[in-house]
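Structure first, then comments.
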Amino acid sequence: MGEPQRLGERAPREPLLEVRDLKVSYGAIAALKGVSLSVGGGEVVALIGANGAGKTSTLRAVSGMVKPAGGAVVLNGEAVTGLKAHLLVPRGMAHAPEGRGIFPNLTVQENLDLGAYLRHDDAAIAKDLETCFGLFPILRERRKQPGATLSGGEQQMLSISRALMSNPTLLLLDEPSLGLAPQVTQTIFRILRDVNARGVSILLVEQNAHLALELAHWAYVLETGELTMEGTGQALLASEDIRKAYLGE
Amino acid sequence: MKSFLPVLIAVAVLALLQLVLGDAAFVTYHATRVGVWVIMAVSLNIINGMTGQFSIGHAGFMAVGAYASSLLTLLLHQYRIGFLPDPVTAQLFFLTALLAGGALAGVAGFLVGLPSLRLKGDYLAIVTLGFGEIIRVIVTNMKVTGGALGLSSIPPHTSLFMVWFWVFVVVLLARRLADSSHGRSLLAIREDEVAAEAMGVDTTSYKVRAFVVSSFFAGVAGGLFAHFLQAINPNSFTFVQSIEVVVMVVAGGLGSTTGAVVAATFLVMLPEGLRTLFLQLGGENQSLAQKVDQVRMPIYGLLLVVIMLTRPQGIFGTHELWDLWKRKKGAPEKPKAVAA
């Protein structure tokens with residue numbers, strides 16, 4: 001397969017994350033057959049595609065949750081291919097996993113504390129906690145409640161906040177709209193815009209192509225383990241193929 | 001200095017107990033038995049309760065500690081340290097043997113843990129079960145461990161003081177661990193392993209560490225057990241013993257150290273308590289007492305069923321004894337634990 005089709009002009013930015021020819025296999029099954037993408041400083045990049053296209057595998061390979069079978073991951077100019085998650089978090093990468101992954105029996109506060117697990121700068125942690133409560137005021141009200149008692153939307157907010165507590169420069173988000181009411185999803189995407197405005201780059205995996213493309217500066221379309229298209233969010237939204245395949249028009 | 005204070009107090013209290021109760025055979029016998037199983041339950045709780053990794057081979061590590069320390073004691077028995085009185089020498093050697101047995105069990109825990117802790121849930125349970133059986137088969141077939149006959153005439157070095165000192169050590173360590181950042185990582189692994197990893201917890205390393213610490217104390221408990229019974233054989237450490245410890249941990253509440261202590265005490269003493277009770281009921285009529293005595297074990301089983309039906313999260317859930325006290329004082333109650 002050749003180069004993915006390219007729509008629109010990408011605004012030049014400092015490179016933050018570079019992924020080259022990334023391959024992931026589960027046993028004999030190749031989930032990713034060589035994916036190359038990049039995220040610039042302060043950029044929101046969306047990765048859209050159908051079920052089983054390899055979106056989650058891409059995130060998991062980037063964040064060290066699964067060992068890539070080939071290719072390279074470069075973060076801030078440093079090769080970090082195959083490094084495990086506990087080495088990537090201090091380098092500024094945070095991953096809010098698919099299905100939210102809240103610690104059900106721990107309180108909201110304890111969940112957030114674990115987000116800052118590898119940090120020791122107490123004053124800055126307290127400040128980031130306030131930032132999270134500022135973004136998601138409901139979490140302040142719920143701080144003494146166990147994670148399991150939160151609604152789906154609140155859990156997603158907690159999951160994003162917990163990832164932000166590691167003070168990342170790059171936030172990997174896996175399906176933040178999963179199982180949420182449309183209105184809650186809207187709220188979360190609005191807040192993601194705020195998060196990005198604070199200088200956090202976001203690599204977003206999303207089924208809801210419409211919302212993702214609206215938010216993203218740049219987006220990639222993944223089909224059965226390969227990129228088929230890339231472009232600005234707006235250009236992809238306007239594309240006939242995308243509208244037919246992912247927006248149901 | 002503050003952290004040494006509890007140790008000094010504990011040593012003083014235990015020494016006093018030893019002085020007062022040391023000669024009371026009945027009390028010493030049961031207190032020692034209870035102590036050994038409390039160490040087993042509290043240590044297993046670190047891996048099963050706090051870390052959420054279901055291990056059912058704890059008796060295997062107990063066996064490693066029991067055999068290693070007994071062999072060392074038997075080897076050192078003929079030596080003495082010149083200027084020290086014999087009992088002191090014996091206790092010093094005994095302590096060395098216990099530590100060596102614990103260390104060897106810890107090594108065994110490391111060797112088992114490293115490959116198997118990549119497995120989850122039922123799969124890990126089966127591997128640990130297999131390990132426990134492998135240990136038993138190995139000691140049955142080795143000459144140095146006495147084969148199926150096991151080891152006998154192990155010197156009776158275990159004292160009330162020594163057992164409960166180790167109980168104190170393991171409980172203190174478990175509690176300190178739970179409140180530390182290490183303990184937080186273990187809890188995170190129990191709650192959601194993928195999320196814990198995403199937060200930057202080195203999950204494999206923490207699981208192996210928990211396994212090693214847990215095995216160490218099982219080894220020490222084995223050493224205490226061996227120097228108390230004075231004879232051990234492979235059948236002292238079967239699957240049944242492993243399951244008994246799991247029952248203690250689950251009945252006490254997974255993750256609750258005080259729960260493990262209470263449940264272990266209760267379950268070890270229960271058959272004995274029922275026996276005494278029925279003897280009392282029978283009065284002069286001993287034949288009646290014997291008849292009732294036969295239903296003792298079914299009652300034990302029934303009680304377990306009742307505990308699990310009424311409190312599936314265990315007697316204490318994830319709480320500690322003092323949490324219940326706080327609740328009485330009007331502190332907001334933590335909602336019930338939810339199954340993960």
Side-chain angles (χ1 to χ4, degrees), chain A residues 56 59-60 62-67 83-107 109-120 142 144-150 155 158-168 171-174, chain B residues 45 48-52 114 117-118 120 177-209 253-256 259 312-314 316-320 323 326-327 330-340:
Chain A
T56 296
L59 280 200
R60 289 173 61 88
V62 168
S63 70
M65 312 275 278
V66 59
K67 218 172 175 60
L83 284 193
K84 301 240 313 182
H86 64 98
L87 298 172
L88 289 170
V89 175
R91 288 175 165 82
M93 191 191 285
H95 185 169
E98 188 178 18
R100 309 189 276 263
I102 295 304
F103 303 122
N105 292 313
L106 302 186
T107 64
Q109 181 73 54
E110 287 168 330
N111 267 277
L112 291 171
D113 288 345
L114 271 161
Y117 170 70
L118 291 174
R119 295 171 68 188
H120 301 286
R142 302 254 189 270
K144 297 222 168 91
Q145 271 178 238
T149 64
L150 267 56
Q155 288 190 5
L158 179 56
S159 173
I160 294 172
S161 302
R162 193 180 56 185
L164 287 175
M165 286 301 289
S166 70
N167 190 25
L171 177 61
L172 308 183
L173 284 179
D174 200 346
Chain B
N45 187 46
N48 280 28
M50 292 186 195
T51 323
L114 210 54
L117 286 172
R118 287 161 210 279
K120 292 180 186 12
L177 183 67
D179 291 333
S180 72
S181 102
H182 284 351
R184 288 278 154 211
S185 339
L186 300 184
L187 276 186
I189 293 171
R190 177 186 80 190
E191 296 283 301
D192 190 316
E193 199 170 332
V194 174
E197 200 183 345
M199 295 304 100
V201 176
D202 188 353
T203 50
T204 308
S205 148
Y206 271 106
K207 283 194 284 183
V208 171
R209 282 187 230 178
L254 283 165
S256 169
Q313 71 274 43
F316 286 89
T318 53
H319 301 284
E320 297 295 347
D323 292 337
K326 267 189 229 151
R327 193 187 306 175
E333 184 182 344
K334 255 202 203 171
K336 246 200 258 175
V338 223

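Because the structure is a prediction, the values reported are computed rather than measured. Letters A, B, ... mirror the listed sequences (proteins, then strands); counts begin at 1. Atoms considered below: every heavy atom in the structure, side chains included; atoms not considered: hydrogens, waters and symmetry mates.
- Interface check for chain B: of the options A:Leu114, A:Asn111, A:Leu87, the most heavy-atom pairs under 4.5 Å are formed by A:Leu114.
- Residues A:Pro97 and A:Asp174 have side chains not in contact (no heavy-atom distance under 4.5 Å, counting atoms from C-beta outward).
- When heavy atoms are compared at a cutoff of 4.5 Å, A:Leu172 does not approach chain B at all.
- For a residue to count as touching a neighbouring chain, one of its non-hydrogen atoms must lie under 4.5 Å from one of that chain's; by this rule A:Arg100 does not touch chain B.
- Contact record, B:Ile189 with B:Thr51: CG2-O, 3.8 Å, taken as the closest heavy-atom pair.
- With respect to the salt-bridge test (charged N to carboxylate O, under 4.0 angstrom), the residues A:Arg60 and A:Glu98 do not qualify.
- For the pair B:Arg184 and A:Phe103, the cation-pi criterion (under 6.0 Å, within 45° of the ring axis) is not fulfilled.
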